[in-house]
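There's a structure below that I have some questions on.
Counting begins at 1 with the first residue of the sequence.
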Amino acid sequence: MRILVTGGAGFIGTHVVAALRAGGHDVTVLDMVHPKAHRAEPVVDGPFVRADVRDPDAVGAALAGVDAVVHQAAVVGMGVDLADLPEYAGCNDLGTAVLLAGMARAGVRRLVLASSMVVYGEGAYACPRHGPVEPAARRTEDLAEGRYDPVCTACASPLTPGEVGEEAPVRPRSVYAATKAAQEHLAVAWASAAGGSAIALRYHNVYGPGMPRDTPYSGVAAIFRSALESGRAPRVFEDGGQRRDFVHVTDVAAANLAAVAASDRAGFRAYNIASGRPATIGDMAAALAGAMDGPAPVVTGEFRAGDVRHVVAAPGRARRELGFSAAIDLATGLREFATAPLRV
């Protein structure tokens with residue numbers, strides 16, 4: 001197939017492009033080279049359109065003759081504060097709307113969307129007395145006192161975290177999360193109106209070679225590695241007990257290849273893209289420090305507004321329907337990541 005990959009010059013995008021080409025696809029990259037993702041000029045192999053996905057004319061030209069779109073372009077990360085809101089909404093949601101309108105005009109009916117586990121907000125929880133419950137948003141005063149774990153809203157009992165499946169409600173709790181949820185909603189509307197196929201891949205915590213170095217928009221693995229390279233201990237927020245699923249970027253690229261193959265199914269479908277082997281932030285920091293022979297992590301008790309406590313995926317749907325299972329375990333991935341090149 002002829003495939004347009006938006007954001008194909010970025011961290012995940014470059015791995016997706018390589019996997020698609022290795023799978024025999026003809027790939028064109030469209031990327032604006034956003035300064036928050038690129039501190040240096042990227043090297044892009046093959047056809048490359050340097051343009052903003054919000055530019056209808058550039059998008060329309062890039063879509064000529066295309067069979068499918070893999071939409072990676074987005075401003076990512078938690079951001080700094082609410083002043084980031086217009087840029088997040090503009091790049092992520094307006095950009096997606098312009099792309100989908102262009103696809104409708106060009107008759108392109110296959111979309112693979114890079115979504116995120118952040119659309120869930122907090123993960124799945126159960127109370128021993130009341131069963132599955134939706135925890136309330138964590139209060140700043142509780143976090144400041146070191147009370148990090150959500151409690152039952154009915155009886156205040158401690159909750160047991162579990163796996164969150166794709167059928168869980170979408171409840172974003174940050175600006176970035178809200179824009180990813182909006183991207184999915186736009187894809188649902190487009191698929192219905194255009195008779196298209198929209199597959200949303202809800203990435204969990206992606207890490208691996210080519211991650212951008214330490215910025216407010218970087219992933220936690222890159223932030224920890226930058227500290228260790230400078231001889232500093234990684235600073236772990238809260239008590240380090242936050243549970244996440246860290247998935248290697250090579251596996252994420254493989255998931256995109258599988259999704260393209262399945263993109264002939266009309267309608268919208270979401271998939272968790274995760275390793276299925278969760279770890280705490282503290283454990284990940286300790287493993288990376290060990291792999292780099294650096295200082296042990298320091299647990300700071302600091303916290304960020306909008307962060308969630310536990311979110312761990314149920315990866316079964318992607319295994320059953322896409323034939324995708326992550327191949328790289330965290331220990332192996334972190335040993336490679338300890339010396340892998342990062343994006344400057």
Side-chain angles (χ1 to χ4, degrees), residues 74-93 96 113-127 132-154 156 158-188 200-206 216-221 223 236-247 270-274 278 280-281 300-314:
V75 178
V76 301
M78 287 287 292
V80 177
D81 54 38
L82 288 176
D84 284 329
L85 201 158
E87 183 174 23
Y88 272 82
C91 289
N92 297 359
D93 299 336
T96 299
L113 170 67
S115 187
S116 172
M117 56 88 177
V118 297
V119 300
Y120 297 121
E122 286 284 354
Y125 292 86
C127 171
V133 298
E134 178 195 352
R138 297 191 298 169
R139 303 186 307 165
T140 300
E141 51 267 39
D142 288 334
L143 297 173
E145 294 294 328
R147 296 187 294 271
Y148 304 119
D149 285 293
V151 297
C152 179
T153 53
L159 297 176
T160 301
E163 291 185 337
V164 60
E166 292 89 347
E167 72 285 350
V170 171
R171 295 190 177 101
R173 294 188 175 179
S174 70
V175 169
Y176 172 61
T179 66
K180 299 310 285 186
Q183 284 185 310
E184 288 196 11
H185 293 156
L186 289 168
V188 170
L201 302 181
R202 292 174 176 168
Y203 301 160
H204 284 247
N205 291 70
V206 185
Y217 305 88
S218 297
V220 67
I223 292 172
V236 178
F237 282 11
E238 301 185 17
D239 60 359
Q242 311 93 301
R243 294 172 72 243
R244 297 290 189 271
D245 190 308
F246 296 93
V247 58
Y271 296 93
N272 288 328
I273 303 302
T280 68
I281 297 289
T300 68
E302 296 173 87
F303 57 88
R304 295 191 305 179
D307 269 350
V308 298
R309 180 61 173 172
H310 304 296
V311 56
V312 172

Next on the checklist: Could you walk me through whether Met117 and Asn205 satisfy the side-chain contact (heavy atoms from CB on, under 4.5 Å) test, starting with their C-alpha distance in whole Å, then the side-chain angles of each, then the deciding distance to 0.1 Å, before giving a yes or no?
Outcome noted: CA-CA 8 Å; Met117 56 88 177; Asn205 291 70; 3.2 Å; yes

Next on the checklist: If I compare all heavy atoms of Ala74 with all of Asn92, which pair ends up nearest, and what's the gap?
Outcome noted: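 Closest approach of Ala74 to Asn92, heavy atoms only: CA-OD1, 3.2 Å.
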
Checklist entry - If every non-hydrogen atom of His204 is compared with every non-hydrogen atom of Val312, which pair is closest and at what distance? => result CE1-C, 4.3 Å

Checklist outcome for this item: Rounded to the nearest 0.5 angstrom, the OG-CD distance for Ser115 and Glu184 is 3.5 Å

Checklist outcome for this item: Looking only at heavy atoms, the pair that brings Val170 and Ala181 closest together is CG1-CB, 3.6 Å

Checklist entry - Within a strict 4.5 Å, meaning less than it, do heavy atoms of the Ile281 and Phe246 side chains meet? => result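 Result yes, sub-4.5 Å side-chain heavy-atom pair found.
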
Item to check | Heavy-atom pair of closest approach, residues Val119 and Ala177 | outcome: CG1-O, 4.2 Å

Checklist outcome for this item: What one should report as the nearest heavy-atom pair of Leu159 and Tyr125 is CB-CD2, 3.7 Å

Item to check | Gap between atom CZ of Arg304 and atom CD of Glu238 - 0.5 Å precision | outcome: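 Rounded to the nearest 0.5 Å, the CD-CZ separation comes to 9.5 Å.
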
Checklist entry - Can you name the residues that form a side-chain hydrogen bond (donor to acceptor under 3.5 Å, both in side chains) with Gln242, not counting sequence neighbours? => result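 Once residues adjacent in sequence are excluded, Gln242 has no partner under the side-chain hydrogen bond (donor to acceptor under 3.5 Å, both in side chains) criterion.
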
Checklist entry - Taking NZ, NE, NH1 and NH2 as the nitrogens, is one of them in Asp149 or Arg243 under 4.0 Å from a carboxylate oxygen of the other? => result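 No, Asp149 and Arg243 are not salt-bridged.
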
Next on the checklist: Given 3.5 Å as the limit, does a donor-acceptor pair link the side chain of Thr153 with the main chain of Pro135, or not?
Outcome noted: no

Item to check | Arg138 vs Asp307, side-chain contact (heavy atoms from CB on, under 4.5 Å): CA-CA, chis, key distance, verdict | outcome: CA-CA 9 Å; Arg138 297 191 298 169; Asp307 269 350; 4.0 Å; yes

Item to check | Inter-residue atom distance Glu166.CD - Tyr120.OH, 0.5 Å rounding | outcome: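 OH of Tyr120 is found 5.0 Å from CD of Glu166.
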
Checklist entry - Aromatic rings Tyr88 and Tyr176: how do their planes relate, parallel, tilted or perpendicular, breaks at 30° and 60°? => result perpendicular

Checklist entry - Which distance, rounded to the nearest 0.5 Å, do you find between the CG of Asp93 and the NZ of Lys180? => result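 Between atom CG of Asp93 and atom NZ of Lys180 there are 8.5 Å.
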
Item to check | Spatial distance of atom CG (Asp245) from atom NE2 (His310) [nearest 0.5 Å] | outcome: 14.0 Å

Checklist entry - Who are the salt bridge (charged side-chain N to carboxylate O under 4.0 Å, His left out) partners of Arg244, not counting sequence neighbours? => result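 Not a single residue meets the salt bridge (charged side-chain N to carboxylate O under 4.0 Å, His left out) criterion with Arg244.
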
Checklist entry - With sequence neighbours left out, what residues match Glu167 under salt bridge (charged side-chain N to carboxylate O under 4.0 Å, His left out)? => result none

Next on the checklist: Applying salt bridge (charged side-chain N to carboxylate O under 4.0 Å, His left out), can you list everything that pairs with Asp142, at least two apart in sequence or on another chain?
Outcome noted: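 Asp142 satisfies salt bridge (charged side-chain N to carboxylate O under 4.0 Å, His left out) with Arg139, Arg147 only.
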
Next on the checklist: Could you work out, with side-chain hydrogen bond (donor to acceptor under 3.5 Å, both in side chains) as the rule, every residue matching Thr280, not counting sequence neighbours?
Outcome noted: Asp283

Checklist entry - Can any side-chain N or O of Asn272 pair as donor or acceptor with the backbone N or O of Gly165 at less than 3.5 Å? => result no

Checklist entry - Got a sec, which residues hit salt bridge (charged side-chain N to carboxylate O under 4.0 Å, His left out) with Arg171, two or more places apart in sequence or on another chain? => result Glu134

Item to check | Minimum heavy-atom distance between Val133 and Cys127, given as atom pair plus value | outcome: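 In terms of heavy atoms, the two residues are closest at CG1-CB, 4.3 Å.
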
